[in-house]
Amino acid sequence: MYPKTSPRLRLFAGATMISFSPVWVKLVSVSPTTSGFYRVFFGGMALALLLIITRQRLQLTKRVWYILVGSAVFFALDLWFWHRSIVYIGPGLATLLANFQVFFMMLAGVVLFRQRPRPIQLVAVPLALVGLAMIVGLDWRDLPENYRYGVIFGLLTAVTYAGYMLTMRSARTDSPHPLPTREVALVSVISAAILGVSAVAEGTSFAIPTAMDLTWLLAYGLLSHCLGLLLIASALPHVSTTEAGLALLLQPTLSFAWDVLIFDRQMMMMELAGALIALFAIYLGSKQGQRTR
């Protein structure tokens, strides 16, 4: 159906688009909750339009609707935590911490599904902690308060994203469609409603100050959330688990690169070594998930 190189191109192009997600958050001059709202609002509207154009009906059971509402709650929390982490500690580290979701997925597999982790995964957990300690330092109390909040929010992002992935997987169990367009469209719209209520409760504005801010938010919703996700989802069934694992690492790696190149993040050798160790640990921790998928 596709040329041999096409799935790989879609996979890595999608991962590259998603790697810009924290960049858009850092560039826009709106609150973290507002930028999260516009991501899922613009992305959700684009996916809904795609469903209409392709005449794809929802036809979801009541059970799946309940699961998708839960998935939307997890995803809204994920964005709420992640965007604040980006503001406090930068796009690179915030995205790296978000990808610690592979370890929480592994924990969920042990607790919920009684899966036995592979030895290489057990090695990955302390390795990731060593990498994180090399990045943030060993004395937690010496860190600025906002930096500590950023690290905590980054880890909470990983927890909530793991919850989103588990519920989305459950909702997709009996789906006849190869792409999760319906499910992600619904989760996006419901997440937008949740974040909209959160923004009102926080007293934050929905106003988009400049045309450039609108451009960044449209890029976030349409390129990173909508197109990037569809490219990856369409490619995964046609690529090897090794290529899927490399794509998993590409997002935080590129996000770190954009943090250095665009926002002039200063990286000491110890921090760089810690980031490389943490990325390697994420790759090792994802091995079971790749085999299962």
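The basis for the numbers below is simple: all heavy atoms, side chains too, and nothing from hydrogens, waters or symmetry mates.
At least one donor-acceptor pair closer than 3.5 Å links the side chain of Thr215 to the backbone N or O of Ala211. A donor-acceptor pair under 3.5 Å is formed between the side chain of Thr157 and the backbone N or O of Phe153.
Listed by chain and number, the residues in a side chain to side chain contact (heavy atoms under 4.5 Å, CB included) with Leu227 are Met17, Leu223, Leu231 (sequence neighbours excluded). With sequence neighbours excluded, the residues forming a side chain to side chain contact (heavy atoms under 4.5 Å, CB included) with Val260 are Arg265, Met267, listed by chain and number. Listed by chain and number, the residues in a side chain to side chain contact (heavy atoms under 4.5 Å, CB included) with Ser31 are Thr33, Thr34, Thr204 (sequence neighbours excluded). In this structure Arg172 satisfies the salt bridge (charged side-chain N to carboxylate O under 4.0 Å, His left out) test together with Glu183, sequence neighbours excluded. Remark: Tyr147 pairs with no residue by the ring pair (Phe, Tyr, Trp, His ring centres under 6.0 Å) rule, at least two apart or across chains. Shown here are the ring pair (Phe, Tyr, Trp, His ring centres under 6.0 Å) partners of Phe42, two or more places apart in sequence or in another chain: Tyr38.
With contacts defined as side-chain heavy-atom distances shorter than 4.5 Å, the pair Thr167/Val73 does not qualify. Side-chain contact between Ile86 and Pro32: absent, with no pair of heavy atoms (C-beta onward) separated by less than 4.5 Å. Contact check for Met168 versus Val184: side-chain heavy atoms found under the 4.5 Å cut-off. Using a 4.5 Å heavy-atom cutoff, the side chains of Ile282 and Leu96 are in contact. Put simply, the side chain of Trp258 does not reach to within 4.5 Å of the side chain of Pro91, judged on heavy atoms. You'll find the side chain of Val40 stays beyond 4.5 Å of the side chain of Ile194, heavy atoms only. The side-chain heavy atoms of Trp65 and Leu58, taken from C-beta on, include a pair separated by under 4.5 Å. Within the 4.5 Å cutoff, the side chain of Ile89 has no heavy atoms near those of the Val136 side chain.
Residues Gln121 and Gly285 come closest through the heavy atom pair NE2-O, 3.2 Å. Considering every non-hydrogen atom in both Ser170 and Ile67, the closest pair reads OG-CD1, 3.4 Å.
For Phe263, the CZ atom sits in a packed shell: over 12 heavy atoms of surrounding residues, nucleotides or ligands are nearer than 6.0 Å. Heavy-atom neighbours of Tyr149 OH from other residues, nucleotides or ligands within 6.0 Å: at or below the threshold of 12.
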(request) Report the C-alpha distance between Ser188 and Leu47 in whole Å, list the side-chain angles of each, state the deciding distance to 0.1 Å, and finish with yes or no for side chain to side chain contact (heavy atoms under 4.5 Å, CB included). (result) CA-CA 9 Å; Ser188 299; Leu47 290 168; 4.2 Å; yes

(request) Apply side-chain hydrogen bond (donor to acceptor under 3.5 Å, both in side chains) to the pair Ser6 and Arg10, showing each step before the final yes or no. (result) CA-CA 6 Å; Ser6 183; Arg10 294 200 304 276; 2.8 Å; yes

(request) Could you give me the CA-CA distance, side-chain angles and deciding distance for Leu249 and Phe280, then say whether side chain to side chain contact (heavy atoms under 4.5 Å, CB included) is met? (result) CA-CA 8 Å; Leu249 291 183; Phe280 182 59; over 6 Å; no

(message) With side-chain hydrogen bond (donor to acceptor under 3.5 Å, both in side chains) as the criterion, how do Gln101 and Asn99 come out once you've worked through the C-alpha distance, each side chain's angles and the decisive distance to 0.1 Å?
(response) CA-CA 5 Å; Gln101 54 86 12; Asn99 279 268; 4.6 Å; no

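Aromatic ring orientation, Phe20 versus Trp24: parallel (interplanar angle below 30°, classes split at 30° and 60°).
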